[in-house]
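My questions all concern the structure below.
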Amino acid sequence: MPYNELRKDYLLDRWVVIATERSRRPTDFAKPQQESPKNATCPLCPGNEHMTPPAVMLYLKSNGKIIKDKDADGLRRKNWLVRAIPNLYPAFAPPKDPADQEQIMKSESFGCAVGHHEVLVESPNHDEDPADAELPQLGHLINAYVDRLRELSTKTYVQYVQIFRNHGKEAGASLSHAHSQIIAMPFVPRIISEEMAASKNFWSEHGKCVFCDIIEKESKSSRLILENQHFVVFAPYASVHPMEFWILPKKHDANILNLTQNEMEAFATTLKASLKGLKDLVNDPPYNYGLHLSLNRDSSEYYHWHLEVYPQLSIWAGFEKSTGMYINTVTPETAAAELRKAIPA
Ligand SMILES: [Zn+2]
Ligand SMILES: [Zn+2]
Ligand SMILES: [Zn+2]
């Protein structure tokens with residue numbers, strides 16, 4: 001009997017068993033749409049702003065222009081387009097006094113979870129997920145990612161800012177209103193720092209960015225899903241999740257702070273097209289996505305920002321939890337072929 005394939009990630013020391021022999025079709029994962037209970041009042045919907053902490057940033061439409069503002073003096077602004085609010089149950093909380101800032105890591109294995117944890121309400125419309133969002137609205141969301149990153153990354157105690165999105169209850173979304181989350185933390189988390197170390201090695205060995213190299217190779221491979229002027233979308237060679245895909249900007253940059261208006265719009269278009277393809281193909285599956293970027297100036301040559309999308313279609317069980325290895329029952333090549341078909345050209 002032929003073997004399944006063992007594949008290693010481009011950068012991480014992470015192996016996956018790609019089940020080529022008993023490969024499943026993406027549509028096998030489609031579950032009937034769950035009727036989301038139109039139950040209790042949604043704290044993120046317009047009109048319920050008083051149910052949340054004051055917004056640290058919001059976009060408002062004023063005289064046909066978009067302006068940036070925040071809630072102040074106990075008032076909650078209305079008619080917002082995007083709203084960033086502190087999480088009610090933050091994983092990381094701001095330092096109470098400046099002295100705290102120096103004492104974040106108390107020892108090598110103990111520290112204080114100092115930072116920020118925000119909820120970014122993506123739209124006043126409850127169901128306006130990126131797959132179905134109006135492009136200008138999705139553009140506001142990307143703009144808000146950049147604005148929040150710019151503000152949070154300047155704080156002395158912040159080493160990394162993770163921007164991510166959970167879609168669907170099984171993927172950890174406790175509120176059904178379209179929202180992203182932002183966590184600013186006092187150190188660079190493991191996966192990012194491993195990617196950074198590996199890309200630094202590649203740079204010193206080959207004198208070029210490993211991600212630019214990946215883009216060049218994958219845009220000619222059977223794993224390519226979508227390519228436009230500014231972005232490439234592909235199923236990574238060693239995908240851990242069925243239907244996983246990554247979005248990489250063609251222009252080399254370590255983070256999103258220097259995106260032009262044009263590039264932000266292109267990112268919105270690319271994100272929407274890919275997520276709409278996934279939604280149509282697998283009947284709106286739960287998923288998570290996360291931005292990987294670097295705030296470290298030294299890494300600007302060798303690190304290259306990207307977005308990783310992880311559909312939640314399989315359960316990590318005994319083997320995955322005990323080994324850190326994964327079994328993926330949809331080959332990235334099949335995932336890419338099906339997503340290409342699902343995304344209108
Ligand atoms: Zn809502
Ligand atoms: Zn690059
Ligand atoms: Zn990454």
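Index from 1, following the sequence. Atoms within a ligand are numbered from 1 in the order they appear, just like the ligands themselves. Only a predicted model underlies this, so the values are computations on that prediction, with no experimental measurement involved.
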Task: Residue H304 atom name (nearest to the Zn ion (ligand 2); N/O/S) - done: ND1

Open item on the list: Classify the ring geometry of H167 against Y287: parallel below 30°, tilted from 30° to 60°, perpendicular beyond 60°.
Closed with: parallel

Task: Closest non-hydrogen atom pair between E263 and N258, with its separation - done: OE1-O, 4.1 Å

Open item on the list: If only side-chain N and O atoms count, and only distance matters, is there a donor-acceptor pair under 3.5 Å linking Y157 with H116?
Closed with: yes

TODO: Quick one: the ND1 of H177, the Zn ion (ligand 1), SG of C42 angle, rounded to 10°, please.
DONE: 110°

Task: Closest approach to the Zn ion (ligand 1) by H126, given as the N, O or S atom name - done: ND1

Task: Atom name in E195, limited to N/O/S, at shortest distance from the Zn ion (ligand 3) - done: OE2

Open item on the list: Looking at K251, I'd like to know if its NZ atom is crowded, meaning that more than 12 non-hydrogen atoms belonging to other residues, nucleotides or ligands lie closer than 6.0 Å.
Closed with: yes

Task: Closest H292 atom to the Zn ion (ligand 3) [N, O or S only] - done: ND1

Open item on the list: For N/O/S atoms only: which one belongs to H306 and is nearest the Zn ion (ligand 3)?
Closed with: NE2

Open item on the list: Report the atom name of the nearest N/O/S atom of H252 relative to the Zn ion (ligand 2).
Closed with: ND1

Task: Distance-only side-chain donor-acceptor flag, E128 / H126, under 3.5 Å - done: no

Task: the Zn ion (ligand 3) - name of the N/O/S atom of E308 that sits closest to it - done: OE2

Open item on the list: Regarding T52 and R83, do their side chains bring together a donor and an acceptor under 3.5 Å, going by distance alone?
Closed with: yes

